[in-house]
Amino acid sequence: MNLDLLLQSEIQKAVTAVFNQTVENLQLQATNAEFEGTHTLVCFPLTKLSRKGPEETARMVGEYLLANSGVISKYNVVKGFLNLSLHDSIWVEALHAIASDPNYGQIPYNGQEIMIEYSSPNTNKPLHLGHLRNNFLGYSVSEIYKANGYNVHKVQIINDRGIHICKSMAAWKLFGNGETPQSSGTKGDHLVGKYYVIFDKTYKAQTSELIAQGLTEDEAGKQAPIMVLASEMLRKWEQKDTETVELWKMMNSWVYEGFDATYKRMGVDFEKLYFESDTYLLGKELVMQGLEKGIFFKKEDGSVWVDLTSDGLDQKVLLRADGTSVYMTQDIGTAILRFTDFPKISGQVYTVGNEQEYHFKVLFLILNKLGYEWAKRCFHLSYGMVDLPTGKMKSREGTVVDADDLMQEMHDEAEKQTRELGKLEGVSETDAQALFEMIGLGALKFFLLKVDPKKRMLFDPNESIQLQGFTGPFIQYTHARIKAIVRKAESLGIHVNPQDLRAVTTLEPAERDALYLISSFENKIREAAKDYSPAIIANYAFELAKAYNQFYQSIPIFSEENTSKLKFRVALSYTVARIIKRSMKLLGIEVPERM
RNA sequence: GGUCUCGUAGCUCAAUUGGAUAGAGCAACUGCCUUCUAAGCAGUAGGUUGCUGGUUCGAUUCCAGCCGGGAUCACCA
């Protein structure tokens, strides 16, 4: 039962009856806490058909509902707002329906498939804080789409070739002395990242020396020996030189081993990985075809371009004069390959930072020009950068927050605070460690997901390890506390079956508040998908936990003498726990049975 | 400079897409553990929503112009 739909139809009936007119879009919203009621009809828009003042209009609708609808128990009018109270039996019925539905929070399969790309790192350095936002966001949006009835394919493109990895390779060749993850005990992605940093330092030293010798900045940049080596490696790689390819394979394999560990700890996964080294040539052919069809044009030097001036954009290069492909070319190829690999997908979502908005605007326009009708169903899930209190993260200045380090710090902080609270009696060390991990990562994920993805956000380390207030652990704690109630009910031999609930006829305000939120869960799931926003789920889960805590604090359960009410409250608690768990699952966050 | 984007309490974020007296958390202050887990609850204080106009019953939201951040406009990815 969907309360909103029920109310909509009741109100539509009322409007038809009272004003002899039909209305399609009703503005129904939650009632402000200061007024009585749960649902509010905004009546200003109705004054056009009622041809009466807003208050009079509201009163007439309210009066009709009270007299003719079995749903409304009371109403009041404040200005043009009609505040409605529902019969408690409606709320009881709502809980009954939800408690009887094991799939509440999972909207039935809608027959649609969708692809969601996220993560997509370069393979020359380890993952950092920015990747965490990307991964948690992409994973969560995937879960949200699954909950909306979509068949979701999670993929990523790994940028495994190019000058960036050659830089690490060059530095390792010069300074590595054969160092491996095994020989040094360093995680593979960190080891490769270390040589990327060494490259950068060496490169800077060499260029400034060359500049001191009288070269221009441009010349020095190109002639620095280590850069010459890296460029040579890139060339050799493209010519499939055995030694270079072997080195490339070895170092990439180190990175993948490291990434796998990081992804595992983050709790994210992928159905299929695309590698740039496999796909970078694909786009070329398609561009050549486009050239033949006259969609693109060639300049005198042989480079191929697309003209987007009629779309308000510039000209964009697609193939260099030497015939090699650029980033855009690869993305064209990859996009088309994906629709070939997954012919049933209706669209594609690219989880990529907002600094690439222009790029995707261009990409989608090109795909459209090439005649792919699905181009308009490609969506750039553009999210804002993560700033630090010290400003922007800059890898060159060593201000990046490493993903592995951060996850460990969150774990350690969760451990510290949990031990201080002395909550680990009778808990084994293994279970305790699992709990710290759950809390630490829960805090981190929630912190990054509670903000609207579109917005740039600030990552304050001190705030992120908070476990009180608007945080993941607050919600996890609420869940754990409810589970204690459920266990107690079981130990007392109290078993609730949905039929028992109907024996309850009156409710407390705190119970209604919780029920209001419970019954709006699926609307939130839809809204979150429509907006690609886990923040909507995060805010919802927090609201629900808060509402439950108010109930928990003000209304006794086991000392209640009325057995029906007692059972009702146990069922309400259990349902809240279920929905909290489900909501958090949509964010990729686990919840504990006790903490 | 062109295009895009953001500006809300001391700080970090919300605001049902144009609705009520703009809400939470943190930080500060005051209460509540003999009762189901106090990682909790209740309360106090904190605002000219960057500024100026406009659109209308009604604007944080839409429009215009300023002010101030950020992104982007590479034969980089």
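All chains are named by letter (A, B, ...) in the order of the sequence lines, taking the proteins before the strands, and each is independently numbered beginning at 1.
- Residue A:V42 is in base contact, counting any heavy-atom pair closer than 4.0 Å across all strands shown.
- Distance noted for atom C1' between B:rA39 and B:rU16: 30 Å (whole Å).
- Residue contacts shown for A:N124 are absent, as no nucleic acid heavy atom lies under 4.0 Å away.
- Two residues, A:E357 and A:Q468, neighbour RNA chain B, and the one matched to the more 5' nucleotide by heavy-atom proximity is A:E357.
- The side chain of A:E463 lies closest to B:rU12 when the candidates are B:rU12, B:rC13, B:rA77.
- Judged by Watson-Crick or G-U wobble contacts below 3.5 Å, the nucleotide B:rG68 has B:rC6 as its partner.
- Contact annotation: A:Q553 side-chain N/O to B:rC32 OP1/OP2 distance is not under 4.0 Å.
- At a threshold of 4.0 angstrom between heavy atoms, the contacts of A:T418 include nucleobase atoms, whether or not backbone atoms are also involved.
- Distance from the side chain of A:Y358 is smallest to B:rU72 among B:rU37, B:rA42, B:rU72.
- Stacking of A:K125 on the aromatic ring of A:Y196 is recorded, both the 6.0 Å distance cut-off and the 45° axial limit being met.
- Pairing of B:rA45, defined by two Watson-Crick or G-U wobble distances under 3.5 Å, is not identified with any nucleotide.
- Taking atom OH of residue A:Y383 and atom P of nucleotide B:rU72, one finds them 13 Å apart after rounding to whole Å.
- Separating the P atom of B:rA28 from that of B:rC11 is a span of 16 Å, rounded to the nearest Å.
- Residue A:D460 is out of contact with every strand shown, counting any heavy-atom pair closer than 4.0 Å.
- Under the stacking definition used here (centres under 5.5 Å, planes under 30°), the residue A:F470 fails to qualify as stacked on the base of B:rA24.
- Residue A:Q356 has its side chain nearest to B:rA77 when only B:rA77, B:rA39, B:rG19 are considered.
- With B:rA77, B:rA39, B:rC26 as the choices, the nucleotide that has an atom nearest any side-chain atom of A:H359 turns out to be B:rA77.
- For A:A480, whose side chain is taken as the heavy atoms from C-beta onward, the closest listed nucleotide among B:rC76, B:rU37, B:rC73 is B:rU37.
- Taking the charged nitrogens against the carboxylate oxygens, A:D412 and A:K416 have no contact shorter than 4.0 Å, which rules out a salt bridge.
- Regarding contacts with the backbone of B:rG25, every side-chain N or O of A:K450 stays at 4.0 angstrom or more from both OP1 and OP2.
- Taking syn as a glycosidic angle within 90° of 0, B:rC66 does not qualify and is anti.
- Annotation: B:rC57 and B:rA20 have their C1' atoms spaced 13 Å apart (nearest Å).
- No contact: A:D322 has no heavy atom under 4.0 Å from any strand.
- The residue among A:K488 and A:Q330 whose nearest nucleotide of RNA chain B lies closer to the 5′ end is A:K488.
- The residue A:E276 sits close only to the backbone: its heavy atoms come under 4.0 Å of sugar-phosphate atoms, none of a base.
- With hydrogens and angles ignored, no donor-acceptor pair under 3.5 angstrom links the side chain of A:N549 to the base of B:rA42.
- Comparing B:rG10 with B:rC67, their P atoms are spaced 25 Å from each other, to the whole Å.
- Under the stacking criterion of a centre-to-centre distance below 5.5 angstrom and an interplanar angle below 30°, A:F44 is not stacked against the six-membered ring of B:rG58.
- Put simply, CG on A:L421 is 19 Å from P on B:rC33, counting in whole angstrom units.
- One can find a donor-acceptor pair under 3.5 Å joining the base of B:rA20 and the side-chain atoms of A:T40.
- Pairing for B:rG1 is with B:rC73, a Watson-Crick or G-U wobble pair whose two hydrogen-bonding atom distances lie under 3.5 Å.
- Taking 4.0 Å as the cut-off between side-chain N and carboxylate O, A:E55 and A:R59 do not count as a salt-bridged pair.
- Residue A:L458 is in sugar-phosphate contact alone, with no base atom involved, counting any heavy-atom pair closer than 4.0 Å across all strands shown.
- Below 30°, between 30° and 60°, or above 60°: for A:Y203 and A:F199 the angle between ring planes is below 30°, a parallel geometry.
- When heavy atoms are screened at a 4.0 angstrom cut-off, A:P54 is found touching no nucleic acid atom at all.
- When the C1' atom of B:rA38 is taken as reference, atom CE of A:M595 falls 13 Å away, rounded to whole Å.
- A distance cut-off of 5.5 Å between ring centres, combined with a plane angle under 30°, leaves A:Y552 outside any stacking arrangement with the base of B:rG40.
- The residue A:L492 sits apart from the nucleic acid: no heavy atom pair falls under 4.0 Å.
- A:Q27 comes within 4.0 angstrom of a nucleotide base, judged by non-hydrogen atoms across all strands.
- Nucleotides B:rC33 and B:rU8 are separated by 40 Å at their P atoms, to the nearest Å.
- Anti is the conformation of B:rU52, whose glycosidic angle sits further than 90° from 0.
- The residue A:F474 sits close only to the backbone: its heavy atoms come under 4.0 Å of sugar-phosphate atoms, none of a base.
- Between A:F379 and A:F364, a ring centre-to-centre spacing not shorter than 6.0 Å is recorded.
- For A:R161 and A:Y280, the positive end sits near the middle of the six-membered ring, less than 6.0 Å away and at most 45° from its axis.
- Of the nucleotides present, B:rA24 is the one that pairs with B:rU12 by Watson-Crick or G-U wobble criteria, both distances under 3.5 Å.
- For A:K423, whose side chain is taken as the heavy atoms from C-beta onward, the closest listed nucleotide among B:rA20, B:rA39, B:rG70 is B:rA39.
- Rounded to a whole angstrom, the distance from the C1' atom of B:rG18 to that of B:rU12 is 27 Å.
- OP1 and OP2 of B:rG7 both lie 4.0 Å or more from every side-chain N or O belonging to A:R456.
- If you check every strand for non-hydrogen atoms under 4.0 Å, A:M385 touches nothing.
- Within 4.0 Å of A:E543, counting heavy atoms only, lies no atom of the nucleic acid at all.
- Residue A:R487 has no polar side-chain atom (N or O) positioned under 4.0 Å from OP1 or OP2 of B:rC36.
- In this structure, the CD1 atom of A:I165 is 19 Å from the P atom of B:rC76, given to the nearest Å.
- At a threshold of 4.0 Å, the pair A:E238-A:R235 does not count as salt-bridged, since none of the basic side-chain nitrogens sits closer than that to a carboxylate oxygen.
- If you check B:rA77, B:rA20, B:rA27 against the side chain of A:N83, the one that comes closest is B:rA20.
- Atom pair A:F360:CZ and B:rC73:C1' shows a separation of 17 Å (rounding to whole Å applied).
- For the pair A:K79 NZ and B:rG58 P, the computed distance is 12 Å after rounding to whole Å.
- Seen from the ring of A:F470, A:K450 counts as a face-on cation partner, given the 6.0 Å and 45° thresholds.
- A:F474 has its ring centre no less than 6.0 Å from the ring centre of A:Y477.
- Here the separation of B:rU52 from B:rG7, taken at their C1' atoms, is 16 Å to the nearest Å.
- Comparing B:rA27 with B:rA74, their C1' atoms are spaced 46 Å from each other, to the whole Å.
- Looking at A:N159, A:N252, A:D160 one by one, the single match for side-chain hydrogen bond (donor to acceptor under 3.5 Å, both in side chains) with A:T123 turns out to be A:N252.
- Across all strands, A:S554 comes closer than 4.0 Å to no nucleic acid atom at all (heavy-atom distances).
- Here the nucleotide nearest the side chain of A:I439, chosen from B:rU17, B:rA39, B:rC57, is B:rA39.
- Base pairing annotation: B:rC32 forms a Watson-Crick or G-U wobble pair with B:rG40, both donor-acceptor distances under 3.5 Å.
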